There are 2 protein chains.
Amino acid sequence: MNGAESLVRSLLASDVDVCFTNPGTSEMHFVAALDHVPGMRSILALFEGVATGAADGYWRMARKPASTLLHLGPGLANGLSNLHNAKKAGSGVVNIVGEHASTHIALDAPLTADIEGIARPVSQWVQTSLSTADVGADAARAVQAARTAPGQVATLILPGDTAWTEGGAVAGPLAPPAPEAVAGDLLDRAAATLAQEGALLLLGGGALTAENLELAGRIATATGCALMGEWASARTERGAGRVNIPRVPYPIDQALQALAPYDKIVLMGAREPVGFFAYPGKPARLTRPDVSFVPLASADMDLSAALEALAQATGAAAEVPELTPAGLPDLPALSPLTPDSMAPVIARAICEGAIVVDETVTSGRSLGPVTAGAPPHSWLQNCGGSIGYGMAVSIGAAVACPDRKVLALISDGSGMYMPQALWTMAREGLDITVLIFANRAYQILRGELTNVGVQNPGPRAIDMLSLDRPALNWAEMARGMGVEASRVEDTAQLDQALAAAMATPGPVLIEALM
Amino acid sequence: MNGAESLVRSLLASDVDVCFTNPGTSEMHFVAALDHVPGMRSILALFEGVATGAADGYWRMARKPASTLLHLGPGLANGLSNLHNAKKAGSGVVNIVGEHASTHIALDAPLTADIEGIARPVSQWVQTSLSTADVGADAARAVQAARTAPGQVATLILPGDTAWTEGGAVAGPLAPPAPEAVAGDLLDRAAATLAQEGALLLLGGGALTAENLELAGRIATATGCALMGEWASARTERGAGRVNIPRVPYPIDQALQALAPYDKIVLMGAREPVGFFAYPGKPARLTRPDVSFVPLASADMDLSAALEALAQATGAAAEVPELTPAGLPDLPALSPLTPDSMAPVIARAICEGAIVVDETVTSGRSLGPVTAGAPPHSWLQNCGGSIGYGMAVSIGAAVACPDRKVLALISDGSGMYMPQALWTMAREGLDITVLIFANRAYQILRGELTNVGVQNPGPRAIDMLSLDRPALNWAEMARGMGVEASRVEDTAQLDQALAAAMATPGPVLIEALM
C-alpha cells in the first residue's frame, strides 16, 4: 500500500469520512486512492476557502472532523481565512496540504512556499510527514489533535513522495486527551456569586447546546442570575421549548449598556468580553470597571459536566427553566425590504430542525428576538469575524445533516468573498436555501467610519464602501453556477419565495433587493 | 495631521499613487484620508486576492509599485496566494495591512491574528509601525523595499491607533539600493562559453524587455549561441520586429528534450531550470547531467547593463539580430473550439500594444509560435503557479496602461478562483477583453494523474477533476457582475466576438465553449 492509501484508510479508521478538496498535482495520489478505498466522500470546491469553511460547518453539526485536501502553500493560503474562522469557532478540522516531494523542496520551484509558516497562524497543530511509513500514524495524530476540545485546526503536510512510495501503514484511532474538570473551589465561588445581585452567567462554545442551555436555565431559576451568550457562537440550539438567551451586542455602545448591570460574571465556555475593534475614546473591555470574573470553565473543558456540577452546587437540579413559548410574528403588511420588514418573514420560514447560518452582518440585527419562538433550530455564527464564511459553512452543515434544511442568511458584501460555494451546492444537490441581503454596500463600514471618529467622510471614502456601481445581480451569478435563483423586492414576494424554497429539496438562491 | 494622512502623503511623495483595496474598520481612517489628500487613485476589490493580483499586474506594466490596503490578518490571508505569485514574478508591491489598535491586540478579539506570521512567507520585507510618528517613514521604507530589484513584496502593518492619532510626519522618497554589477571574470567566461558548441543563453525576468531581447539577439548572431526564456516570465515584449525566443516547456519530457542540446548554459536573470513538480522516476533538474552553468546575472541585477556588457565582450554590438517578421496565421476553416483551432483566431485579434495576460494552462500551449508575428505586444505569465492570477493581474495592467488593450486568456478552472475581478473591471470601466477557455475540467490534472504514476484512475478520481456537473455559465456570471458577455461555439463566432471586443473600449467577457 502506498502512503496515499494509508492516509485514506487511517482517516477512515479514525472516523473521518468526508473530504472537502481542491487538489493539484502533488495530491493526485490521494485523489487516486479515493477509487481504491471505499467510504470517503470527496466533495470538490472551486476555491479552497469553500473547502475549509465547509469543514468548519461540518464539525459544528456532525461533532466530528472532516478533512480537507489542499494544494501546496498557495492552496492553503486560499483556505486560510476560513481556517482562521474555524479556529476561533473551536471547530476541529483535519487540514491536509500536499507538499512537493521532499527532494524537490530545496529546488525552489514556482509553487514552493513555507507551508508550515503559512499554516501556523491558523493551526493549533502542524506536522509534516517525514516518510511514507509515518503518514498513517501522522493522520491518526492529526485527527486526535482536531478532536482535542473544543476542536482544533490540525494541519498535516504531506510531501508527494510520501504519497506515491510503497510502505504505508494504517494507523488506528487515538483518543483525544480528556478535558480538564472544573476546580472545586471555583465551583463553590461561582455558585455563591450567582446567588448575589448583579450576577451574570456568560455562556459560550459548547455551553449553548439545548441540554446545556436547559441546565443554565435551571441555574438561573435557582439563583436569580442573568444569562447571556457571547457576541457570537459556533452553534446555538434555540427556538420554541428551549432556553433562549440574549447575546452580547456587536455595537460597542449597546454592548456596554447590555453588560452594565453586572458586576459579577461567571464564565462558562466564554471569555471576558472585549470589543470587536478598538475605537478612539471608548473602552476596549465591555464590562464595568469594577466587574469581578469567576473563570469557571473555559471552552476547552467539558461544559456539560461543568453545568451539571454548577446546577448541583446551586441546588438547581430540580428547578424549572424558563422555556421559550412557540410563537411566530405576524406577516408584516406589504412593504419594501428592510432589515426590520424582512425579520418576521424569515422567522416564519424557519422550519423544525432548520440550520440557520447567519452572515447577515448589519442586516440581521433584528432577527434575534423575532425568531426566538420559531420551531427548534440551530443557529450558526461567525466567531472569527472574517466575512465570506457563510455559504461555505452551509455546505458543511448540509453534508453533515442531509435530513435538515439549511437556511443561509448572507449579506451581499460577505457573499462575494466566496461565491464559488454555490457551484458545490449545485454539484452535491445540497439542501440549502441561500437568502442574499442585497443592500449593495459594506453597510457596517458606513457606521464604523463614524465610530472610529471620522468626521464628514467625503464622497471618495463613501464610494469605497458602496457596491452599487455596478449593481451585482446575484440571481444571474447563481444561475451561472447551476443554482436556481430568483429576485424579490417586497415582503410578499420574499415570503412566497422563501416558502417555496424551504419546501423544495436542493439549493435555491433568493436575492432580496433592499 | 494624523497617521493615516501621513501615510497617503508619504506614498504620494514616493510616487505611489494607486491603491487596490478591500478595507475594513481598522482601515477607515486611511479611507477617510483619501478625501483630504488628492492624487491617490483608490480601486475597490470585492476580494483581497483581486487587490494583490492587481498590484502585481500594475508593477509589471508601470514599473513602479501600487499599494494595497487590506483588513487585518484574514484580509491579508485572502490576498496571500496572489502575493506569492507577485513575489515569484519579482513584482514590487507596497502591501498595507491594517491591524487592531496596539492596545487591543493583547485582548485577542475575534479578528486578531499573527499578521506578521501570515505575511512573512510571501514578503521580502515586513514591518509593523510602532507609533504615528513612524508611519510616514515606514511607508517610505516600504516603497524603497518594494522597488529593490527586481521588485519585492513589502508588507507594512499599521495598527489602527497609528492611523487615528495626530502627529504624523510626511517622509520623502528613499532610493532603492543600486543593483550589483556583473563580475568581470564571469563576463569573460560567459563570452567564451557562448562562442562554443552547445551553448545556450537562458533569459529571465528583466532580460525580456524589447531592448534587452534585441541585445540578446545580437549576441546570438555574434556567437552562434541559442536563446531561450524561462518557462514563464512576468512580462515579455514580443511580436513582429522583435527578437522572439522559445521558452522552456512546462511538460517535463518536452522540457528535457528542449534543453538536451545544451551542455553550457549562461544564466541571464534566469535560474537553473527545475521541474514545476517532481514526478516519480523522472529527474527534477531539466538540464543534462553534464551541464555547466555560468551564473552571469541574477534577476536582482541590472540586466540591461549586463546584456550591454556581454554584447561588448562578445563583439556583438554591431551585429544584426534576427527579428520576427510580421505575419498572421490564416483564419482556420469553420471548426469547433479546441486549443489548436483557437490559437490562430486569437493571434489575429492581438492588436499593436496589446497586453496579453496568459492564464491558459493547457489550452494555450499552441499560442507561442502562432502569435509570434502579431503586432508588437506584451505577454504576461504566472511565475508562481498559483492559479487565479490572470483576471486580477489584468486589472493592474489596465490601470497602469489606460491606452493599451488588455486581452486576458483565462482557463475556466483558473478563473473561478477570483471571479470577483470582473466586478472591479466593470466598476472602473477597464479596457479588458476576457476570453474564457471553457473546457470544463482541470484538464492539466488529468495529464498529471498519469504523470505522477497513477494507473487507470477510476471514476471518482476523474470526477474530482471535472467541472461539468453543473456546467458553469461564465456569460451569466459576468453579467451578474456588470460585465457584458457572450458565448461562442466555433471559430467564426470566436473571431467575430474577439474582433468586436478588441474594437470596443471597456470590459467584455467571451466564453469559448470547447
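These numbers come from a predicted model, not from an experiment. Each chain gets a letter, A, B and so on, in the order the sequences are listed, and its residues count up from 1.
- Of the listed residues (R479(B), R271(B), K87(B)), the one with the most heavy-atom contacts under 4.5 Å to chain A is R271(B).
- At a 4.5 Å heavy-atom cutoff, the contact between P38(A) and chain B is made by backbone atoms alone.
- Looking at T21(A), only its side chain comes within 4.5 Å of chain B, counting heavy atoms on both sides.
- Of the listed residues (M416(B), M418(B), R427(B), E476(B)), the one with the most heavy-atom contacts under 4.5 Å to chain A is R427(B).
- Both the backbone and the side chain of L467(A) come within contact range of chain B, each with at least one heavy atom under 4.5 Å from a heavy atom of that chain.
- For A45(B), the part lying under 4.5 angstrom from a heavy atom of chain A is the backbone only.
- Between chain A and the residues A109(B), G482(B), G49(B), the largest count of heavy-atom pairs under 4.5 Å involves A109(B).
- When each of M477(B), R469(B), E448(B) is scored by its heavy-atom pairs under 4.5 Å with chain A, the top score falls to R469(B).
- Of the atoms belonging to A119(A), not a single heavy atom falls under 4.5 Å from chain B.
- When each of H71(A), H100(A), E99(A), H104(A) is checked for a side-chain hydrogen bond (donor to acceptor under 3.5 Å, both in side chains) with S26(A), only H71(A) meets the rule.
- For K88(B) and D108(A), the salt-bridge test passes: some basic side-chain N is under 4.0 Å from an acidic carboxylate O.
- Counting heavy-atom pairs closer than 4.5 Å to chain B, the top residue among V452(A), L80(A), N382(A), I43(A) is V452(A).
- Contacts between D463(A) and chain B at a heavy-atom distance below 4.5 Å involve backbone atoms as well as side-chain atoms.
- The aromatic ring centroids of Y417(A) and F47(A) lie 6.0 Å or more from each other.
- For E116(A), the CD atom sits in a packed shell: over 12 heavy atoms of surrounding residues, nucleotides or ligands are nearer than 6.0 Å.
- Neither the backbone nor the side chain of P273(A) has a heavy atom closer than 4.5 Å to any heavy atom of chain B.
- Contacts of W164(A) with chain B are made by side-chain atoms alone, with heavy-atom separations under 4.5 Å and no backbone atom involved.
- Ring planes of Y250(B) and F276(B): tilted class, angle from 30 to 60°.
- For N82(A), no part sits under 4.5 Å from any heavy atom of chain B, backbone or side chain.
- Of the two parts of A106(A), neither the backbone nor the side chain holds a non-hydrogen atom closer than 4.5 Å to a non-hydrogen atom of chain B.
- The contact between Y442(A) and chain B is made entirely by side chain atoms (from C-beta outward), counting heavy-atom distances below 4.5 Å.
- Between the CZ atom of R446(A) and the CE atom of M464(A) there is a distance of 12.0 Å, given to the nearest 0.5 Å.
- Highest contact tally toward chain A, considering only L72(B), L34(B), N2(B), is held by L34(B) [criterion: heavy-atom pairs under 4.5 Å].
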